[in-house]
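It should be emphasised that the depicted structure is a prediction, and the values quoted were computed from it without experimental measurement. Below, chain A is the first sequence line, B the second, and so on; all start at residue 1.
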Protein chains: 2
Amino acid sequence: MSQATFEQLGEFLRSRDCFEILTHAYPDGDTLGSGFALALALNQIGKRARVITTGVPKNFEFLSRLVPAQDFEAQTVVSVDVADEKLLGDNIEAYEGRIDLCVDHHAINRVNAKQKHVDPHAASNCEILYRLFRFMDIEITADIADCLYTGVSTDTGCFKYGNTTPETLRIAADLIEAGAKAPAINKAMFDTKTRKKLRLEQEIYATIEYSADGRCAVIAAPLELQRRLGVGDGELEGLASIPRSIEGVVIGITLREKTEGEFKISVRSDKNFVNAAEFCRGFGGGGHAEAAGCTIIGSLDEVKSRLRAAVDEVL
Amino acid sequence: MSQATFEQLGEFLRSRDCFEILTHAYPDGDTLGSGFALALALNQIGKRARVITTGVPKNFEFLSRLVPAQDFEAQTVVSVDVADEKLLGDNIEAYEGRIDLCVDHHAINRVNAKQKHVDPHAASNCEILYRLFRFMDIEITADIADCLYTGVSTDTGCFKYGNTTPETLRIAADLIEAGAKAPAINKAMFDTKTRKKLRLEQEIYATIEYSADGRCAVIAAPLELQRRLGVGDGELEGLASIPRSIEGVVIGITLREKTEGEFKISVRSDKNFVNAAEFCRGFGGGGHAEAAGCTIIGSLDEVKSRLRAAVDEVL
């Protein structure tokens, strides 16, 4: 399918009404920021719109509060930051095959939509929407700026990661000028931890094991620990970055027990020393050169020793 | 003293030679980035220059390696990011009263120099140098960009804090275009922890005490713990942000025992609930509305209960 131009996107949005905007499950700042920004932009040009989610996590409620609830019968369906209809979670059945327009920034996009605009060079989907709104002469209000800034900032780790381009930073500058409350958003996104998360980190630190002369570090979250602390996806998500962040470590491995004896393995590496994707392929997994994953069946000790042996082979 | 203009700074730098560039003690990314960037810029216009430090921490050696060593008798002394000559540490005696030019971004600057350019609106001193170099038609090479980016990024917590302006972000964009290796620098500055630091955080997490219905959190690093883990300033520095980062906490207090029974107190607060400076003034200290400090003498338990009582009064 050919890529819809900004001109075509603008015509499409102006010619339709009663929008439902789909976001992906396990929602992050980019899909929610995109959804609420688009709803506000559509309201501005006289259209009705609502954002469809699998639930807005508490730390993102400041975004959903910006958008007034509107009652209408849906006529148009747009997905934002959704790479595959399977990622719609509980909304798959209701919307599969019904998407009119898909706007996304993932390199591989499998959404089946009548029109698509996919730009993998954009660090966040919110970057694409910022440029689209400017193209359409939509005013970047302070509320729209808050939504877009949230996506631009969270998808780049607050401009820390390699996907941050000069354009990303210039868009963030424009959004702050437009009124985005950047310090408050960044505090909520990057400098706030739940007590549970803190207790989890404390216990996880105690599980760190080094091998290969300190160049490999392994942490583990067995089911017993998850149950005892009562932690779920929300808390466990960020763990994978911990072992690789330790000085001298070039391969960091995180074991998360999904069901009794079934471990989801996350590998983060310095690609100058270890290719994480190749490492994981040895266990039937895959991914990128510096971030990859696989699943291994066994006891915690067995899984650890298989991983350590594989590390000793490559390092 | 009147502020030297960029024109005057340019004339001064071009008319002199054999520069010694002073940085502040306990050096950070901004003073070192400024120092090494200025040395490289001076080399580019045919001048000899060296950076005077109190020692370059290991994680900043990638900057010092960019600047070739030069042997010469010093004729000109410039300080960068130094708010007060007292902050020169071991270099106070050798350089006090001998500074020809002071370039700084601190709101209160007490350096006694023949010429000064102080811009408190700049989030980092490196921002000022970037603008000066552009004004002087100095080419922003990839090496200069690495130095300047380090200062711009570290002094804003990677663009997370409220001092980040639209201009900060646009300068960072320019520096990445000029070749700054932003992802590698950010990984080293923000995503690398020593094993000692990790062990310290693990033990510190175990000391967290909540009061005022979870709106106050207190952590403590007594001498015993510091000695047992063998940690010093480098590891202890970042602790103060931990308690305030806990969800629901509006005043976070960090106790660091300096000598037996003498505690340095760091307070971080949400100014909508507690003014940290006023809180600390009650103990003879001071600071800003959201970050302040004081010193309290007593046993760990005494100090904690005095602080808790003060918190109960304001919350």
Side-chain angles (χ1 to χ4, degrees), chain A residues 58-59 152-153 156-178 180-206 208 210 214 217 241-249 268 270 290, chain B residues 58-59 152-153 156-178 180-206 208 210 214 217 241-249 268 270 290:
Chain A
K58 210 173 134 234
N59 56 330
V152 170
S153 162
T156 58
C158 210
F159 315 105
K160 204 165 58 182
Y161 303 140
N163 60 347
T164 307
T165 65
E167 190 179 9
T168 309
L169 292 160
R170 291 187 182 119
I171 289 175
D174 292 350
L175 292 171
I176 292 175
E177 275 173 348
K181 293 179 282 299
I185 293 171
N186 292 333
K187 167 92 176 75
M189 297 293 114
F190 302 105
D191 276 342
T192 302
K193 275 181 192 172
T194 62
R195 291 195 196 189
K196 250 186 205 174
K197 172 97 192 196
L198 217 63
R199 273 198 303 273
L200 174 67
E201 285 186 2
Q202 186 188 344
E203 296 226 17
I204 284 290
Y205 284 175
I208 300 177
Y210 299 95
S241 64
I242 291 176
R244 167 79 176 95
S245 75
I246 302 164
E247 196 179 31
V249 169
R268 299 285 181 274
D270 180 336
E290 301 209 314
Chain B
K58 210 173 135 237
N59 55 330
V152 170
S153 161
T156 57
C158 210
F159 315 104
K160 204 166 56 182
Y161 303 142
N163 60 348
T164 307
T165 66
E167 190 179 8
T168 310
L169 292 161
R170 291 186 182 119
I171 288 175
D174 292 351
L175 292 170
I176 291 176
E177 275 172 348
K181 291 179 282 300
I185 293 171
N186 292 334
K187 168 89 176 75
M189 298 294 116
F190 303 105
D191 276 342
T192 303
K193 275 183 191 171
T194 61
R195 290 195 197 190
K196 250 187 204 174
K197 174 95 192 197
L198 216 62
R199 273 198 302 273
L200 174 67
E201 286 187 1
Q202 188 188 344
E203 296 226 17
I204 285 290
Y205 284 174
I208 301 177
Y210 299 95
S241 64
I242 292 177
R244 168 78 176 97
S245 75
I246 303 165
E247 195 179 32
V249 169
R268 299 287 181 273
D270 179 335
E290 302 210 312

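Gly162(B) and Pro183(A) get closest at one heavy-atom pair: CA-CG, 3.5 Å. In plain terms, the two heavy atoms of Ile246(B) and Arg195(A) that are nearest each other are CG2-CG, 3.9 Å. Contact detail for Glu177(A) and Pro166(B): the closest heavy-atom pair is CG-CG, 3.4 Å.
The aromatic rings of Phe159(A) and Phe159(B) sit perpendicular to each other, their planes meeting at more than 60°, with 30° as the lower class boundary.
Taken to the nearest 0.5 Å, the CD atom of Gln202(A) stands 11.0 Å off from the CD atom of Glu201(B). Note that the CZ atom of Arg244(A) and the CG atom of Asp191(B) stand 9.0 Å from one another [nearest 0.5 Å]. Between the OG1 atom in Thr168(A) and the CG atom in Leu169(B) there is a gap of 10.5 Å [rounded to 0.5 Å].
Heavy-atom distances place the side chain of Lys187(B), and not its backbone, under 4.5 Å from chain A. Using a 4.5 Å cut-off between heavy atoms, Ala184(B) makes no contact with chain A at all. Using a 4.5 Å cut-off between heavy atoms, Ala206(A) touches chain B through backbone and side chain atoms alike. Looking at Ile208(B), the atoms closer than 4.5 Å to chain A (heavy atoms on both sides) all sit in the side chain, from C-beta outward.
A heavy-atom distance below 4.5 Å is found between the side chains of Arg170(A) and Asp174(B). Taking 4.5 Å as the limit, every side-chain heavy atom of Glu247(A) sits out of range of all side-chain heavy atoms of Lys196(B).
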